[in-house]
Amino acid sequence: MTERSDRTPLPRNLLDRPVLDVAPDLLGRVLVRRTAEGPIVLRITEVEAYAGELDPGSHAFRGRTPRNEVMFGPPGHAYVYFTYGMWHCLNVVCGPEGRASGVLLRAGEVLEGQELARKRRLSARYDKELAKGPARLATALGVDRVLNGTDLCTGDDAPLTLCPGEPPAPDLVRNGPRTGVGGDGAHHPWRFWIDGDPTVSPYRPHVPRKRAT
DNA sequence: CGGTCGATAGTCT
DNA sequence: GACTATCGACCGA
């Protein structure tokens with residue numbers, strides 16, 4: 001009855017391309033997170049492109065560091081970082097090796113494993129909020145730095161696999177400025193989303209933090 | 001649904 | 001020491 005999504009891994013060569021090609025191509029694709037309690041399956045609805053060392057908004061902008069070294073490695077791996085003292089965000093490393101570019105997964109629709117996702121996202125009022133925002137997405141999937149560097153293009157027993165999925169109608173793919181990115185990288189229209197999808201996170205302009213008193 | 005505000009610790013200057 | 005590829009509580013509508 002239930003039409004199960006295709007869980008074969010995405011061919012790595014689809015990720016071995018320039019980040020601005022890969023980012024919109026990830027919309028509608030499916031991420032499978034396998035946990036001890038069972039799988040959580042997510043359809044990607046919103047992403048942002050980060051163009052390596054040339055991009056002031058990218059973690060790779062100032063060169064290789066211990067944190068960002070996965071971005072400099074081969075495509076098809078997970079770059080997971082910890083931010084704001086509380087949250088994790090998940091990226092797909094793409095482009096030719098060494099280019100240090102990646103795609104931040106900003107939002108998605110939970111297709112399977114909602115019960116598991118809800119247990120990790122107790123503040124979500126509706127299921128459409130389970131993965132509405134990059135840190136919420138990582139939380140819903142139970143992704144943290146332990147998975148940094150995970151190969152997303154291998155088979156059935158990997159903790160995290162990127163799968164082909166069903167692409168959205170081309171006319172539903174929109175793009176606009178990146179969320180939360182300040183400085184010179186702010187204006188690039190490198191956020192991509194599926195128009196009208198209820199799981200897409202709201203746009204928030206970057207606001208530099210005020211100093212604590 | 002939208003706006004404001006504070007939390008919290010890793011990372012780099 | 002400052003900033004951060006953010007979110008939740010809380011409030012008003």
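Here is how names work: the chains are called A, B, and so on, in the same order as the sequence lines, proteins then strands, and each is numbered from 1.
The aromatic rings of A:W190 and A:H188 lie parallel to each other, their planes meeting at an angle below 30°, with 60° marking the opposite boundary. Aromatic ring orientation, A:H59 versus A:Y81: perpendicular (interplanar angle above 60°, classes split at 30° and 60°).
When rounded to the nearest whole Å, the span between CZ of A:F61 and C1' of C:dC3 equals 16 Å. As rounded to whole Å, 16 Å separates atom C1' of B:dT11 from atom CE of A:M86. Between the C1' atom of C:dT6 and the CD atom of A:E48 lies a distance of 12 Å, rounded to the nearest Å.
Using the Watson-Crick or G-U wobble rule with both distances under 3.5 Å, B:dT11 pairs with C:dA2. Both distances falling under 3.5 Å, in either a Watson-Crick or a G-U wobble arrangement, place B:dT4 opposite C:dA9.
Between the A:D151 side chain and the A:C153 main chain, a donor and an acceptor come within less than 3.5 Å of each other.
Of the candidates B:dA7, B:dC12, C:dA5, C:dA5 carries the atom nearest the A:Y50 side chain, counting heavy atoms from C-beta on. Distance from the side chain of A:W87 is smallest for C:dG8 among the nucleotides C:dG8, B:dC1, C:dA5. Here the nucleotide nearest the side chain of A:A135, chosen from C:dA5, B:dT13, C:dC7, is C:dC7. Set against C:dG8, C:dT6, B:dC1, the side chain of A:P134 has C:dT6 as its closest nucleotide. Nearest to the side chain of A:R106, among B:dC1, B:dT11, C:dA5, sits C:dA5.
Looking at which nucleotide of DNA chain B each of A:R145 and A:Y126 is closest to, the 5′-most match is held by A:Y126. Each of A:R136 and A:S58 lies near DNA chain C, and the nucleotide nearest A:S58 is the one positioned closer to the 5' end. Nearer the 5' end of DNA chain B, as judged by each residue's closest nucleotide, is the contact made by A:E129, out of A:F82 and A:E129.
Contacts of A:R125 with the nucleic acid, taken as non-hydrogen atoms under 4.0 Å apart, include base atoms. Across all strands, A:T139 comes closer than 4.0 Å to no nucleic acid atom at all (heavy-atom distances). Counting non-hydrogen atoms under 4.0 angstrom, A:R62 reaches the backbone sugars and phosphates but no base.
Applying the 5.5 angstrom centroid cut-off and the 30 degree plane-angle cut-off, the aromatic ring of A:Y84 is stacked upon the base of C:dT4.
Proximity of A:L172 to A:D197: side-chain heavy atoms (C-beta onward) are nowhere separated by under 4.5 Å.
The pair A:E48-A:R178 does not count as a salt bridge, with every side-chain nitrogen at least 4.0 angstrom from each carboxylate oxygen.
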